[in-house]
Amino acid sequence: AVAPAVALRRDGRGCFGTPAGSSRRASRAPLVVRASSTNTAKAKAKSSVLGTTFTNWLLNEEKHGRIDADMAVLLSSISVACKKISAAVRTDYYKQDVDLPKRANELFKDAMVGCGRTGVIASAANDQPPFAVEESFAGNRVVVFDPLDGVTNVDAAVCTGSIFGVYQGKSECVPDWSKDGNNESIDQACVANACNPGKNLQAAGYCMYSSSTILMLTVGDGVFGFTYDPSVGEFINSHERVTIPKRGKIYSINEGNRDGWSVGVKNWVDALKNGGPDANGKPYSARYIGSLVADVHRTLLYGGVCAQTASSQNPEGRLRLLTEAGPMAFVAEQAGGKASTGLGRALDVTPNSVHQRTPFFLGSPEEVDFVEKTLGAEGSDKPTKEKQAKATASDSSKATDASSPSKRPASEKVGTETLSTWMFRQEQQGHMDADLAVIINSISVACKRISNLVATAPIAGLTGLADSTNESGDEQKKLDIISNDIFCDAMKDTSRCAVIVTEEEDVPLGVADCVSGDYVVCFDPIDGSSNIDAAVPTGSIWGVYKPAADECKLNLDDTPDTVLEKCVKNAQKTGESLACAGYVLYSSSTVMMLTVGAGVFGFTLEWTTGEFVLSHEDVKIPETTAFDGRWYSGNQGNVDKWAPEMRAYAAHLQNGGSEKETPFVYRYVGALVGDFHRTLLFGGIWLYPPDSSAPEGKARLLYEVAPMGFMAEQAGGMATRGGLALQRVVEVTPEHIHQRSPMFVGSKSMVVGLQRFLAKKAEA
C-alpha cells in the first residue's frame, strides 16, 4: 500500500524532505541550533557543575571539611584506576591473550597500594583474602572493591563496572610491622579490620564502563556523578546530588532462576507484573543487564527496584556483602533510596567473613518497602529446596564456564586489519561493489560521531526528551534527532543511495543528486534510546537494499506526489534484497557488526587511531546444548500480555527446557542491538512476540527486524515470526515503511526447538 500523497519539497541539500506542514517538524534545523535550543533551560540550571573536574570537586569537598586530604588522594587514585580499566575494557576485550578480570584486579590493587593511604585492601576477585599494605605512610583506611563486576558481559562488550567502599581502619586491628609477627596473626588482623557493616562506610561508589564511562560517588553527603571526557582525559561533574525517584516502573532480576526462588520472591515478581504496590495497575517493565553496576545505575536514575535474591542455586544469595552489597546500599541511601536483604536494612548487617553472600534488594523507597512487605507475608526468604542440589549456569559466577562460547583461534588479521582494508578485500572477492563500500564507510563515520556524542551526553546536555515524537508515536530523545541528522547527511553525501528510510522521519527521503548505486538505505539511528540517560547500551541499525530492475528513478521535475509514490515503492523490499546489514553497539566498546552476504564480521573502534579494527571473524551463533549457549532474552514484564503458548515457552526455559536440568540464563538490556549482539556471540534465543498491547509486534520490519534476521542467517542462525514461528522474517514484504513485526531469533537449535514446542501446543 502506498502512503497518501502529500506535498513534498526540496530541503536545499539534495533531499526531498519531510512533508510540508508536518506536525513533527517542518524543516531540518541546524544541529547546533536544535541542540542548544532544546537544552537551554537545563544548561542554565547546571551551569554551576558542568565543567567541574573530579579533582576540583575533591578539593572543594576537602575545603568544606567533608573529606580529609588522605581521602582525597585515595579517591583520586581510584578514579585513575577506573580510567585504566575503562581503556583496557574498551580495546582489549576480544584479545585472547588478555585476562581482563585479572588485569582489572591488578590495576585497582596497585592504585590502592601506590596511593599510600590504605591499611587493608579486600578484593572480591577470586575470593582472595584481604591483605595489609606495608607501604602505607598516611592513613589506615580499609578499601574493599570488586574490580570488574559483570564479567560475563565482557566478551559481548556489554556493561561492566567496578565497585568500591572505604572504611576507617580499626586502630586495634592494624598489624604491627615493627614486630616479627607471623603471617597468620596479620591475616587475622586484616579480616577483623575489613569486616565492617556498611553503615560504617566513609565513602562508596562505582564506575560504569558502558556507552559512557561514569563514576558515581558519595562521601556521606549525597551522591554525585562524573562522566569521563576523553578529549581532556578527565572525569567531569555530570550528576549533581542524585535523588532516586520515589517510585519507578522497572524491575531487574534474573528470571532464569525463577524455578529456584522462594514462594515470597515469586509472589513479589508476579505482583510487579500486575502493578506492584498499585494492584491491577500498569505492569512493571523488566530489564536485567547482568551487571550489578549497570542495573543499580539505571535504578538510581529511573527508579524501580533491582534484586539479586537467594535461590536454590545460591541459597545464601549471590552478592558479596562487604565488597558489593554494602557499598551499593550506602550509595542508594545517600540518594534517598533503600537497600534491604529482604528482611531488613542491608547496611546494618555485619559480615562474618570477607566473602559472605547475601540476598539484596535496592531501589525506590516504596518499591523496597513493598519487597519487605511481600516477603514478610511468607515468613522468610528461603528458596525452595527441591532443586538445591543442582548447580546452574544462571549463577553468573558459574555462567562463564557454562554459557560463554569457547573462542576460536583468531587469524593474524584480527586486531590488525581495518574496516577499509577488509572492504577492499571483499570487493576484490566479488562480495560487494565500490558504491556499497562508499556507503559502508560513510555509515562507519556517522557511527563514530554518534559514539562520541553518546559517550559525553551526560556532560554535553544531550540527555532527556526533545519535546517531539516520531511516526510511531515514540517520544524522541535529543540524541534521536541529532543522530538521525548525522545519518541522513552521511547517506546523502555518498551520492550512492536513491532513497533513505529512517525511524525518525514520517516518509522516505528521496535523494535527488544520487550519481550511482541507487541503493535504498534504511536505518534506526539510535536503537534503545530509552537507555541513553542511564548510559546503558544503545546502538544504530541499518540495512542497505539492492535496487530492483524495475526501480522507480527519481527526477528533479517529478511532482511531490510522484516522488513520494516512487520512494515508498522502492523501499518495499524483503530482507532477501539486502546487500548489506549491520549495527554498531555503543557500550563499553564501540563495536560494528556487519555482513555483505558472505558471513558476519565484527570491528571494534580503536580510539587511539580512530579506526574500526577487525575483532570478530566469520561469526557463527553457537548452538545450544545441555550446558552451553543457554541464554534467553525478552521483556518478562510483558509475559502476562503474551499468548498462552508463549508464556508456557518462557516457563519451559526457566525450568531447564527439554533437558529439565540447567535453567537458561536470562538477560534483557532493552536495546535490540545489545540483546541481539549477546545472542549472536553467546547463542540462545531472543524473544519479541506480539502481545495484547502490540498485536503486530513492536520492532520495525524494514530497518530492524529484516537486517537482524539477515545477519542471523549469515551467522548460521535463524530468525522467524508467525504463530508457529515458521516464517522467515527476510521473506516478508513490508506493506508500509514503518510496519512492525514480531521476531524470534537465535541459534538454529533454539528456534527449531521453539517451533516444535509451539507445534505441540497447537496439537494439544
Side-chain angles (χ1 to χ4, degrees), residues 101 123-128 146 148-153 163 198 251-269 286 288-296 305-329 339-344 346 349 351-363 371-372 374-375 378-404 627 630-632 636 653-656 660-668:
S123 170
N126 301 319
D127 288 341
Q128 296 175 349
D146 181 352
L148 197 60
D149 163 68
V151 293
T152 56
N153 287 342
I163 307 170
Y251 74 96
S252 178
I253 190 170
N254 185 356
E255 296 203 50
N257 284 337
R258 181 185 175 91
D259 199 42
W261 291 346
S262 69
V263 173
V265 173
K266 289 180 180 178
N267 289 343
W268 168 63
V269 172
Y288 185 68
I289 296 175
S291 162
L292 177 63
V293 166
D295 288 318
V296 166
V305 61
C306 63
Q308 290 283 354
T309 186
S311 66
S312 59
Q313 299 88 3
N314 298 283
E316 301 304 320
R318 194 181 70 83
L319 293 187
R320 296 170 178 85
L321 177 60
L322 183 67
T323 54
E324 297 171 319
M328 288 306 205
S340 171
T341 62
L343 300 176
V349 183
N352 298 318
S353 62
V354 173
H355 298 291
Q356 178 180 330
R357 309 278 179 157
T358 182
F360 191 60
F361 303 85
L362 177 151
V371 170
E372 294 182 341
T374 307
L375 298 186
E378 296 299 327
S380 73
D381 181 30
K382 291 296 181 182
T384 56
K385 296 181 179 180
E386 59 190 58
K387 294 190 177 182
Q388 285 194 4
K390 295 181 180 180
T392 82
S394 293
D395 175 1
S396 68
S397 65
K398 303 172 187 175
T400 300
D401 295 330
S403 299
S404 296
F627 302 101
R630 301 181 69 79
W631 302 78
Y632 84 99
Q636 286 275 172
L653 297 180
Q654 293 167 352
N655 290 330
K660 295 190 180 299
E661 291 186 357
T662 306
F664 281 71
V665 183
Y666 174 71
R667 295 290 186 271
Y668 185 60

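Closest heavy-atom contact between V296 and C306: CG2-SG, 3.8 Å. P663 and G256 make their closest contact through CB-O, 3.3 Å (heavy atoms, listed as atom of the first residue, atom of the second, distance). Nearest approach of N254 to W261, heavy atoms of both residues: O-CZ2, 3.4 Å. Smallest separation of non-hydrogen atoms from P101 and V151: CG-CG1, 3.9 Å. Nearest heavy atom pair, residue I163 against residue P327, reads CG2-CB, 3.9 Å. Residues A346 and T341 come closest through the heavy atom pair CA-CG2, 4.1 Å.
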Applying side-chain contact (heavy atoms from CB on, under 4.5 Å) to V265 and R258, what does each step give before you reach the verdict? CA-CA 9 Å; V265 173; R258 181 185 175 91; over 6 Å; no

Could you give me the CA-CA distance, side-chain angles and deciding distance for R357 and R320, then say whether side-chain contact (heavy atoms from CB on, under 4.5 Å) is met? CA-CA 4 Å; R357 309 278 179 157; R320 296 170 178 85; 3.2 Å; yes

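Scored by the side chain to side chain donor-acceptor pair (under 3.5 Å) test, Y251 finds E255 as partners (sequence neighbours excluded). By the side chain to side chain donor-acceptor pair (under 3.5 Å) test, Q636 pairs with Y632, Q654, sequence neighbours left out. Every residue meeting the side-chain contact (heavy atoms from CB on, under 4.5 Å) condition with A325, not counting sequence neighbours, appears here in chain and number order: L321, T358, F360. For T323, there are no side chain to side chain donor-acceptor pair (under 3.5 Å) partners, not counting sequence neighbours. The ring pair (Phe, Tyr, Trp, His ring centres under 6.0 Å) check on Y668 picks up nothing, with sequence neighbours excluded. Listed by chain and residue number, N105, A125, Q128, F145, P147 satisfy the side-chain contact (heavy atoms from CB on, under 4.5 Å) test with S123 (two or more places apart in sequence, or in another chain). For the side chain to side chain donor-acceptor pair (under 3.5 Å) test, residues two or more places apart in sequence or in another chain that qualify with D295 are S252, R298. For the side-chain contact (heavy atoms from CB on, under 4.5 Å) test, residues two or more places apart in sequence or in another chain that qualify with S340 are V368, E372.
Here CG of N257 is found 12.5 Å from OH of Y666. Values are rounded to the nearest 0.5 Å. Residue E324 holds its CD atom at 6.0 Å from CG of D149, rounded to the nearest 0.5 Å. Separation of atoms CZ (R630) and CG (L653) is listed at 8.5 Å; rounding is to 0.5 Å. Here the CG atom belonging to D259 is positioned 7.0 Å from the OG atom belonging to S312, to the nearest 0.5 angstrom. Interatomic distance, OG1 of T309 versus CG of L375, reported as 7.0 Å (0.5 Å rounding).
Two residues are said to be in side-chain contact when any heavy atoms from C-beta on lie closer than 4.5 Å; T152 and R667 meet this criterion.
Not one N or O on the side chain of D146 forms a donor-acceptor pair closer than 3.5 Å with the backbone of A124.
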